[in-house]
Number of protein chains: 2
Amino acid sequence: MDRDSDIALMRLALEQAEAAVAAGEVPIGAVLVDADGRVVARAHNLVERLKDPTAHAEMLVIREAARLLDAKRLPGCSLYVTLEPCAMCATAASFARLARVVFGAEDPKGGGVVHGARVFTQTTCHWRCETIGGIEAEASADLLRAFFRARRS
Amino acid sequence: MDRDSDIALMRLALEQAEAAVAAGEVPIGAVLVDADGRVVARAHNLVERLKDPTAHAEMLVIREAARLLDAKRLPGCSLYVTLEPCAMCATAASFARLARVVFGAEDPKGGGVVHGARVFTQTTCHWRCETIGGIEAEASADLLRAFFRARRS
């Protein structure tokens, strides 16, 4: 996938994050695409509505894509997500054998790819997804900042 | 919870792991109990049947307990699981605000509590579950060894 495609797909993930705001959810969106860049699944965070602590955007698109493709592994597929995945989601991406994890803003407080657990660097990680950060990072961070500012006030 | 209670509850998790063998799933079982030690949910690994890479026993009991208790957080609850949780499941336990994570055998190859990502030790982990390992560890490890030995032959 070239950089223009990455940006276009990240914008689809950002649309999901924007939809999350309207739904009262933390604005993080994701899309999962197949090896040809076709969108298989899209989702935003649904922790509040589902009252499910695991209902992060990444988990939802991975599970939905596995259901649609009728496969527990999704080789060649790529995950686009507006924020650096946490350790839960990064580990799920590894279990799903995703080729790439492309994210927007870094998350120093809760990330698990380039912060904290750094899941893909561990010897306990048996499938290392290629990771690319910083795609449309400002748009992603702006959405999150506006959401938390509004919630505090 | 005293040690005898921990052993009794781990035996319920082991029953789930045994049921997993019969279902052709990797034998890992879990139960989730409330603050009084009452069982809220029990599950075993269902990755094969659900074709869901995230369908670990721990994820399933956390999600089921959240559904039954109609809450995205499960304070005071404890997770009993036959094998050291991976980074995905340990992070989910933290998000669910579980009080305790009690596990059987350690998992040097894939664990995320006392191996690899060591999720609860990271500064990105904002809720540290108390962790206790080695409860009925031999019974748990025996089940896994027998399962993989049978699968190889």
Side-chain angles (χ1 to χ4, degrees), chain A residues 25-26 45-56 58-75 77 84-98 106-127, chain B residues 25-26 45-56 58-75 77 84-98 106-127:
Chain A
E25 301 278 351
V26 176
N45 200 343
L46 278 175
V47 169
E48 303 301 326
R49 193 175 87 201
L50 299 182
K51 294 185 185 170
D52 176 350
T54 75
H56 287 193
E58 302 95 312
M59 300 296 279
L60 297 174
V61 290
I62 289 170
R63 293 178 57 214
E64 176 69 358
R67 192 183 68 77
L68 291 169
L69 301 175
D70 196 32
K72 67 173 179 173
R73 291 179 180 169
L74 308 167
C77 290
E84 177 188 347
C86 72
M88 174 180 74
C89 295
T91 306
S94 172
F95 289 148
R97 302 288 191 270
L98 298 187
E106 292 193 7
D107 184 7
K109 287 186 187 163
V113 175
V114 293
H115 295 93
R118 291 174 175 78
V119 161
F120 300 120
T121 70
Q122 302 293 344
T123 56
T124 46
C125 178
H126 306 298
W127 176 267
Chain B
E25 301 278 352
V26 176
N45 200 341
L46 278 175
V47 169
E48 303 302 326
R49 193 174 88 202
L50 299 182
K51 294 184 186 169
D52 176 350
T54 75
H56 287 192
E58 302 95 311
M59 300 297 277
L60 297 174
V61 290
I62 289 170
R63 294 178 55 215
E64 175 70 358
R67 192 184 68 78
L68 290 168
L69 300 175
D70 196 31
K72 66 172 178 172
R73 291 178 181 170
L74 308 167
C77 289
E84 177 188 348
C86 72
M88 173 180 74
C89 295
T91 306
S94 172
F95 289 149
R97 303 289 192 271
L98 298 187
E106 292 192 6
D107 184 7
K109 287 186 188 164
V113 174
V114 293
H115 295 92
R118 292 175 174 77
V119 162
F120 300 121
T121 69
Q122 302 293 345
T123 56
T124 45
C125 179
H126 306 299
W127 176 268

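So you know, we letter chains A, B, ... as the sequences are listed, proteins then strands, and number each from 1. The basis for the numbers below is simple: all heavy atoms, side chains too, and nothing from hydrogens, waters or symmetry mates.
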Residue selection (most heavy-atom pairs with chain B, distance under 4.5 Å) from K109(A), R63(A), H126(A): R63(A)
When T54(A), L69(A), T121(A) are compared by non-hydrogen pairs under 4.5 Å with chain B, the top option: T54(A)
Most chain B-contacting option - heavy-atom pairs closer than 4.5 Å, from H115(A), E48(A), R97(A), R73(A): E48(A)
Leading residue by heavy atom contact count with chain A [cutoff under 4.5 Å; candidates T123(B), D70(B), V119(B)]: D70(B)
CG on D52(B) to CE on M59(A), rounded to 0.5 Å: 8.0 Å
Nearest-0.5 Å distance, CZ of residue R118(A) to CD of residue Q122(B): 7.5 Å
Toward chain A, the part of A87(B) with a non-hydrogen atom under 4.5 Å: both
Shortest non-hydrogen separation from A66(B) to K51(A) and the atoms involved: CB-O, 3.5 Å
Straight-line distance of E84(B) CD to T124(A) OG1, nearest 0.5 Å: 8.5 Å
Contact summary for M88(A) and A92(B), nearest pair of heavy atoms: SD-CB, 3.9 Å
